[in-house]
Amino acid sequence: MAYLGNPAGTIAVLQKYNFNFQKKYGQNFLIDPGVLDRIIMHANVTKEDCVIEIGPGIGTMTQYLCESAREVVAIEIDKNLIPILEDTLSEYDNVTVINEDVLKVDLNRIAKEKNDGKPIKVVANLPYYITTPIIMGLFESHVPIDSITIMVQKEVADRMQVGPGTKEYGALSLAVQYYAKPEIVANVPPNCFMPRPNVGSAVIRLTRYDKPPVSVIDEKFMFALIRASFNQRRKTLVNGIGNASLTMPKGGKRAGERITKEMVASAIEALSLSPSIRGEALTLAQFAQFADVLLNTD
Ligand code: SAM
């Protein structure tokens, strides 16, 4: 089987199977060998690694992964791609294709079965319509992960990397930076895909921390506060969280009680922050302190 990562190879496969792109699945296949080489290089895949690929498409990047990894598990939702993948990956005995929605697959079980529960690498040209749920799902379900190297919309890659004081800063930036070190490793223009997407793309590598860079008593509580404050981005922290109908979690002094504006205001004061501060001005470390102080409010 010839490599598919070029326009002629991709068109030949699409014609052979009379394949029609499904827009609803975010299908933009990579046709640039230089970009594929760079993704594989930045993902640092070795013959020791078990790699999960999300959305293999016709198997273009999967072929590269099969060459460089020990074991590859590729999860593809579109059943029309399964016979194509059987063909394009027929030379490889180190790949398993699963015809499922990645958001419904038990990735912990895959890591256990295929890699003895040791950290796996995720490499993908993601379907852009579900980038955030995929990334959050990978982190929050505590799948053992070494790194995630993914093609995403350029604007989303920027959001993962930025800090306070920028308009892109939000809940995704904080979640990613709590779990991993983000690095944009390549910018990729629309003409590297078939069909061309309407947006620019970037490859970002998220290297999972052994230990998060900040410590917080209740991680879930901190993320509930972060989400509430960015849901009402233009509001002050006092109003944003005070209006969010959140309750104090177990483990705190006032477990089960509704969080009031007064409670938020006194936590902000205890941290010597301005009473009119907005969530978008807080760093990850400040959100962690804020969550801890609020949790221990008398
Ligand atoms: N990896 C291929 C490539 O680079 O040429 C295809 C990438 S394309 C951007 C995204 C792929 O994800 C498509 O094959 C699409 O069918 C698949 N996909 C979309 N939603 C999915 C889901 N929920 N679970 C698994 N795969 C999905």
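Read the numbers this way: they start at 1 and go in the same order the structure lists the ligands and their atoms.
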Do [X] and ligand 1 have an N or O pair less than 3.5 Å apart?
X	value
F29	no
I130	no
Q27	yes
I54	no
G57	yes

If only atom types and distance count, is the side chain of [X] paired as donor or acceptor with the main-chain N or O of [Y] below 3.5 Å?
X	Y	result
D49	A69	no
R205	H42	yes
D32	P189	no
D116	K118	no
Q27	P127	no

Looking only at protein heavy atoms, which one is nearest to [atom], and how far off is it?
atom	result
atom 5 (O) of ligand 1	L30 N, 2.9 Å
atom 24 (N) of ligand 1	V102 N, 2.9 Å
atom 20 (N) of ligand 1	Y129 OH, 2.8 Å
atom 2 (C) of ligand 1	P56 O, 3.3 Å
atom 19 (C) of ligand 1	Y25 O, 3.1 Å
atom 26 (N) of ligand 1	I77 N, 3.3 Å

Out of all atoms in ligand 1, which are within 4.0 Å of some heavy atom of [X]? Include the element for each.
X	value
N28	7 (C), 8 (S), 9 (C)
L126	9 (C)
I75	25 (C), 26 (N)
E100	24 (N), 25 (C)

Please state which option from [options] has its nearest heavy atom closest to [atom].
atom	options	result
atom 16 (O) of ligand 1	E53, E76, Q22	E76
atom 23 (N) of ligand 1	L103, D101, N125	D101
atom 6 (C) of ligand 1	G26, S201, G55	G55

Roughly how far apart are [X] [atom1] and [Y] [atom2], rounded to 0.5 Å?
X	Y	atom1	atom2	value
E48	D146	CD	CG	11.5 Å
L295	M222	CG	CE	12.5 Å
M263	E257	CE	CD	5.5 Å
I268	I241	CD1	CD1	7.5 Å
I58	F19	CD1	CZ	8.5 Å

Please say whether more than 12 non-hydrogen atoms of neighbouring residues, nucleotides or ligands are located less than 6.0 Å from NZ in K79.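 Atom NZ in K79 is not packed in, count stays at 12 or less.
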Can you confirm whether more than 12 heavy atoms, excluding those of E140, are under 6.0 Å from its CD atom? yes
Sub-4.0 Å heavy-atom contact, V105 with ligand 1: no
